[in-house]
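The shown structure was predicted, so the numbers you read here are calculated from the model rather than taken from an experiment.
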Amino acid sequence: MIAAFCKRFSCAGAKYGSYFYRAMGESLSLQKVEYMFGIVGVPIIEVAMAAQAAGIKYVGMRNEQAVEACRLYSKFSARPSSLEAIPSVIEKAVRTSMYGRPGACYVDIAGDMVNAKVDRIVSCCPPPPVSLADHGAVTEAISVLKAAKRPLVIIGKGAAHGRAEIALRKFVKMSGLPFLPTPMGKGVLPDDHPNCVAAARSRALLQADVVLLLGARLNWILHFGLPPRFDPDVKVIQVDLCAEEMGNNVRPAVALLGDINAIVTQLLECVHKDGWKYPSDTEWWSTLKDKIVANAKISKALALQSTLPMNYYTVFHHVSQLLPHDCIIVSEGANTMDIGRTMLNNYLPRHRLDAGTFGTMGVGLGFAIAAAAVERSRNKGRRIVCVEGDSAFGFSGMEVETMCRYNLPVVIIVVNNNGIYSGVDPETWKEMAKMGDLTAIAPPVTLLPEARYDKIMAALGGRGFLVRTVEELRSALQLSLSDWEKPSLLNILIDPSSDRKQQEFPWLTRSNL
């Protein structure tokens, strides 16, 4: 388990040995917290030292977000009324973060507790309980699936958190249903699975008449389940751990409340008992396969373009050929994240992290640091690859110092188009500068052309590569993946006007201006 504790507050000076610090460190350790990530300042210095004394690994970070604002978006927030209450509040925060839908919790400690004493101990919380869906509802869900002409399974990150991959693999194989992963549902079943229709996403969502929604929310990522992206008469079988999520935006035809893995197992048992399988020779399967082939042809043509500067598709085509199948991919950005998730495959569950539901930029390097720290302690030999747009990298770019400080061999790939969505080339930038004040002339989406992010990494002791060609890209990435001693950064300069391929729904990518 990983704990985040980065808030700073002021109080009278106190020594590391005070009961407050020991209580904090020991309370976290008793809940089996392995890592603490923070930004030190009095008295967080002492809290971090107490955590280390209790056996918790501390990773000092550089980028402090507005921590107090987290209170509004946390599953649980509390300020212990006394030092004696700290162990039980910590236990509840850890338990709440795991039980039901996972989420962040916020604990605010008053500064006047640092010299108090406590003898109370609260043992580690038990694993989350597992709940099953109502048997009648499961039977009804199978009936709806059987009646579907164009069924679709959508696998969300809830399925990844619920560790439903084994049951899901059996269910998809036995039922013969096509599936579509959400961004962080990628890898629950491998992206190269024969039933994966991610390459025909728009067509699958638009024409499906029954959707089995497994641990995914009908929010903006899935276009709220509404037209024009969905059939207005689509029937949704909603499987979720959170009762409050049922019926958001679209009322489900069947609601299955409970643990995702347990419910998929229930569905699997029904399919096995009935011996039912969706035919592989239907018009629906033909439609999806034709669309997959057509989209792959378009993407391949873009990827094989030999012009310089490179485009997104050329970059991701060659990166995908070199990445290990078991690597953990962290990604954030605009086009970088959107195109990258379609071209960088995931083959294993819980091996992808991106900007998530809120599209929050600046989280990528922090995610990569946490993943690299855990991977090193568990010695599984998996690479952490952080794919960043140049704008996204700028939000927390100084975390490369953290990577260098702890010798975390993260491979950072910055896809640099000189801007947010699009930029300008150096010559155009110079011409604009001649015209007058750049603050009045430069488009708001532009960044400094060909900024040398690679030199930042090199200056701090890591490897930095400036990449302009396919040959330079492949060479730099191979060298970076072979280096387990220090982090690397590939600064890949691409065409500032490079964009996504033509979209079936143009309003997805056109500007509102």
Sequence-distant partners of Arg376, side-chain hydrogen bond (donor to acceptor under 3.5 Å, both in side chains), two or more places apart: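 Expected list: none.
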Counting distance only, does the side-chain N/O of [X] pair as donor-acceptor with the main-chain N or O of [Y] below 3.5 Å?
X	Y	value
Arg350	Ala160	yes
Ser396	Gly362	yes
Ser143	Thr139	yes
Gln305	Thr314	no
Thr342	Ile339	yes
Asp209	Val234	no
Gln266	Ala133	yes
Trp284	Ala204	no
Glu332	Val363	yes
Glu472	Arg468	yes

[atom2] on [Y] to [atom1] on [X], rounded to 0.5 Å:
X	Y	atom1	atom2	value
Leu348	Ile328	CG	CD1	9.5 Å
Ser488	Ile412	OG	CD1	8.5 Å
Phe465	Leu489	CZ	CG	9.5 Å
Ile413	Leu490	CD1	CG	6.0 Å
Phe316	Ser299	CZ	OG	12.0 Å
Leu344	Arg352	CG	CZ	7.5 Å

Shortest non-hydrogen separation from [X] to [Y] and the atoms involved:
X	Y	result
Ala159	Leu168	CB-CD1, 4.1 Å
Leu408	Ala372	CB-CB, 4.1 Å
Pro443	Met432	CD-SD, 3.8 Å
Ala148	Val210	CB-CG2, 3.5 Å
Val153	Leu214	CG1-CD1, 3.6 Å
Leu177	Asn195	O-ND2, 3.0 Å

Using side-chain heavy atoms (C-beta onward) and a distance below 4.5 Å, is [X] in contact with [Y]?
X	Y	answer
Val138	Leu267	yes
Phe230	Leu206	no
Leu152	Val197	yes
Leu322	Gln478	yes
Met310	Asp495	no
Asn248	Phe224	no
Ser480	Val411	yes
Leu493	Leu466	yes

Salt bridge (charged side-chain N to carboxylate O under 4.0 Å, His left out) between Lys186 and Asp191, worked out: CA-CA 7 Å; Lys186 283 166 62 69; Asp191 285 338; 2.5 Å; yes
Stepwise side chain to side chain contact (heavy atoms under 4.5 Å, CB included) check, Met337 with Ser331: CA-CA 6 Å; Met337 186 171 65; Ser331 184; 3.9 Å; yes
If we count only N and O atoms by modelled type, under 3.5 Å, do the side chains of [X] and [Y] hold a donor and an acceptor together?
X	Y	result
Arg229	Ser202	yes
Ser377	Tyr35	yes
Asp425	Thr428	yes
Asp499	Tyr421	no
Asn491	Asn416	yes
Thr402	Glu399	yes

Derivation of the side chain to side chain contact (heavy atoms under 4.5 Å, CB included) call for Leu180 and Leu205: CA-CA 9 Å; Leu180 173 71; Leu205 294 179; 3.6 Å; yes
Taking 4.0 angstrom as the limit, do [X] and [Y] come out as a salt bridge?
X	Y	result
Arg203	Asp290	no
Arg378	Glu34	yes
Glu245	Arg101	yes

Aromatic ring pairing Phe179/His193, orientation class (parallel under 30°, perpendicular over 60°, tilted between):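 The rings of Phe179 and His193 stand perpendicular, inter-plane angle above 60°.
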Quick check: are there more than 12 heavy atoms from other residues, nucleotides or ligands sitting under 6.0 Å from [atom1] of [X]?
X	atom1	result
Gln321	CD	yes
Lys149	NZ	no
Lys173	NZ	no
Ile166	CD1	no

Criterion side-chain hydrogen bond (donor to acceptor under 3.5 Å, both in side chains) on Lys170 and Thr265, from CA distance to verdict: CA-CA 9 Å; Lys170 294 177 181 177; Thr265 301; over 6 Å; no
Which side-chain N or O atoms in residues 382-390 pair as donor and acceptor under 3.5 Å with protein atoms at least two apart or in another chain?
residue, atom, partner, partner atom, Å
Arg382, NE, Glu375, OE1, 2.9
Arg382, NE, Glu375, OE2, 3.2
Arg382, NH1, His351, NE2, 3.1
Arg382, NH2, Glu375, OE2, 2.5
Arg383, NH1, Leu481, O, 2.5
Arg383, NH1, Asp483, O, 3.3
Arg383, NH2, Pro409, O, 2.6
Arg383, NH2, Asp483, O, 3.2
Glu388, OE1, Phe393, N, 3.4
Asp390, OD2, Asn418, N, 3.0
Asp390, OD2, Gly419, N, 3.1

Verdict with supporting geometry, Lys146 and Asp274, salt bridge (charged side-chain N to carboxylate O under 4.0 Å, His left out): CA-CA 11 Å; Lys146 285 181 178 180; Asp274 293 352; 2.8 Å; yes
